[in-house]
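What follows is a set of notes on a single structure, which appears directly below.
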Amino acid sequence: LDARTRLTLSADARHEEYFDSDLRPNSSDRTGQRYTGGARIDYMLTPDVALFTLLEATRTAAAVDYLSSWKASASGGVTVSVGSPTGSKEDWLLTASAGVEREMADANDPMISPDAEVKNTGFLSAGLIVPVGESFVLNSSVTYSISDSNYDLSNYDNTAVSVGVSKRF
């Protein structure tokens with residue numbers, strides 16, 4: 001697009017195979033195809049601040065129609081590079097983002113409702129990436145999500161905390 005803007009398009013098609021077991025005798029009902037397409041735009045506001053947005057759509061075609069669905073999502077956020085407070089020469093990276101998602105099942109689950117499931121989910125997230133040594137990175141994030149559905153089993157709010165170490169090559 002231009003020197004400060006990057007557009008990334010993605011597409012994914014996969015076959016998902018599930019097998020029944022004594023504990024889960026209906027797992028194979030989820031077997032089918034999943035198709036996902038997305039578009040992401042990154043914009044460098046300044047050398048230290050980047051804005052991003054992501055639009056994505058997913059089609060799940062499972063063996064059973066109430067496990068098949070359409071999903072659309074949109075999210076956006078900001079990434080800020082800040083000087084290391086420990087005096088290291090590599091910057092730390094702060095990220096904040098938010099997003100929404102809507103999923104609509106193809107048919108109703110006859111055990112739960114006469115209506116097909118419609119689920120709306122939203123999230124807020126914050127993350128920190130800290131370089132450690134020459135080639136390691138400490139990744140951390142906190143995410144709050146909330147889901148509202150016409151199926152009570154899918155209603156929730158959740159806070160997730162994640163910490164990990166990555167090796168850079």
Side-chain angles (χ1 to χ4, degrees), residues 8-42 52-79 92-133 135-169:
T8 306
L9 301 175
S10 63
D12 179 57
R14 67 178 72 185
H15 174 75
E16 297 176 329
E17 189 78 29
Y18 293 86
F19 299 97
D20 296 336
S21 68
D22 292 338
L23 292 175
R24 293 181 173 54
N26 299 319
S27 290
S28 63
D29 290 351
R30 293 187 176 281
T31 294
Q33 314 307 319
R34 183 181 308 262
Y35 308 98
T36 303
R40 178 182 171 120
I41 296 176
D42 293 280
F52 62 89
T53 187
L54 173 66
L55 300 174
E56 194 169 75
T58 300
R59 170 66 180 150
T60 301
V64 175
D65 56 0
Y66 66 83
L67 297 172
S68 298
S69 66
W70 289 94
K71 186 186 302 184
S73 62
S75 60
V78 61
T79 303
W92 291 18
L93 196 63
L94 295 166
T95 302
S97 60
V100 293
E101 174 181 281
R102 182 174 179 89
E103 183 173 11
M104 298 169 293
D106 287 3
N108 68 303
D109 182 337
M111 297 291 291
I112 297 177
S113 172
D115 300 316
E117 182 176 21
V118 177
K119 180 169 46 173
N120 299 303
T121 306
F123 77 89
L124 296 171
S125 183
L128 175 64
I129 298 174
V130 178
V132 179
S135 62
F136 288 94
V137 176
L138 176 66
N139 301 292
S140 61
S141 68
V142 176
T143 302
Y144 173 76
S145 58
I146 186 166
S147 175
D148 180 52
S149 172
N150 60 328
Y151 284 20
D152 285 340
L153 292 171
S154 296
N155 290 331
Y156 65 84
D157 65 323
N158 186 54
T159 302
V161 177
S162 173
V163 178
V165 177
S166 301
K167 168 115 173 98
R168 294 184 291 185
F169 295 97

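- Under the side-chain contact (heavy atoms from CB on, under 4.5 Å) criterion, V118 pairs with R102, M104, N150, not counting sequence neighbours.
- No side-chain donor from either of N108 and S113 sits under 3.5 Å from a side-chain acceptor of the other.
- Every side-chain contact (heavy atoms from CB on, under 4.5 Å) that L128 has, sequence neighbours left out, goes to W92, L94, V130, S140.
- Among pairs with a residue in residues 57-74, those fulfilling salt bridge (charged side-chain N to carboxylate O under 4.0 Å, His left out) read R59-D106, at least two apart in sequence or across chains.
- Contact check for T60 versus L67: no side-chain heavy atoms found under the 4.5 Å cut-off.
- By the side-chain contact (heavy atoms from CB on, under 4.5 Å) test, S135 pairs with K167, sequence neighbours left out.
- Partners of T58 under the side chain to side chain donor-acceptor pair (under 3.5 Å) rule, at least two apart in sequence or in another chain, are T36.
- Residues passing the side chain to side chain donor-acceptor pair (under 3.5 Å) test with D109, sequence neighbours excluded: none.
- Residue L124 comes nearest to A98 through the heavy atom pair CD2-CB, 3.6 Å, listed as atom of the first residue, atom of the second, then distance.
- Considering only residues two or more places apart in sequence or on other chains, R24 meets the salt bridge (charged side-chain N to carboxylate O under 4.0 Å, His left out) condition with none of them.
- Closest non-hydrogen pair, D115 versus Y151, comes out as O-OH, 2.6 Å.
- Within the structure, every pair that satisfies the salt bridge (charged side-chain N to carboxylate O under 4.0 Å, His left out) test and touches residues 8-18, not counting sequence neighbours, is listed here: D12-R14, E16-R34.
- Contact check for R30 versus V64: no side-chain heavy atoms found under the 4.5 Å cut-off.
- In plain terms, the two heavy atoms of A116 and A105 that are nearest each other are CB-O, 3.6 Å.
- Residues satisfying the side chain to side chain donor-acceptor pair (under 3.5 Å) test with S147, not counting sequence neighbours, are none.
- Sorted by first then second residue, the side-chain hydrogen bond (donor to acceptor under 3.5 Å, both in side chains) pairs that include residues 152-164, not counting sequence neighbours, are E117-S154, Y144-D157, D152-N155.
- The two atoms that bring T79 and F52 nearest to each other are OG1-CE2, 3.7 Å, heavy atoms only.
- When the side chain to side chain donor-acceptor pair (under 3.5 Å) test is applied to S75, no partner is found at least two apart in sequence or on another chain.
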Query - S27/D20 under side-chain contact (heavy atoms from CB on, under 4.5 Å): CA gap, chis, key distance, verdict - result: CA-CA 5 Å; S27 290; D20 296 336; 4.0 Å; yes

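- In this structure L153 satisfies the side-chain contact (heavy atoms from CB on, under 4.5 Å) test together with I112, sequence neighbours excluded.
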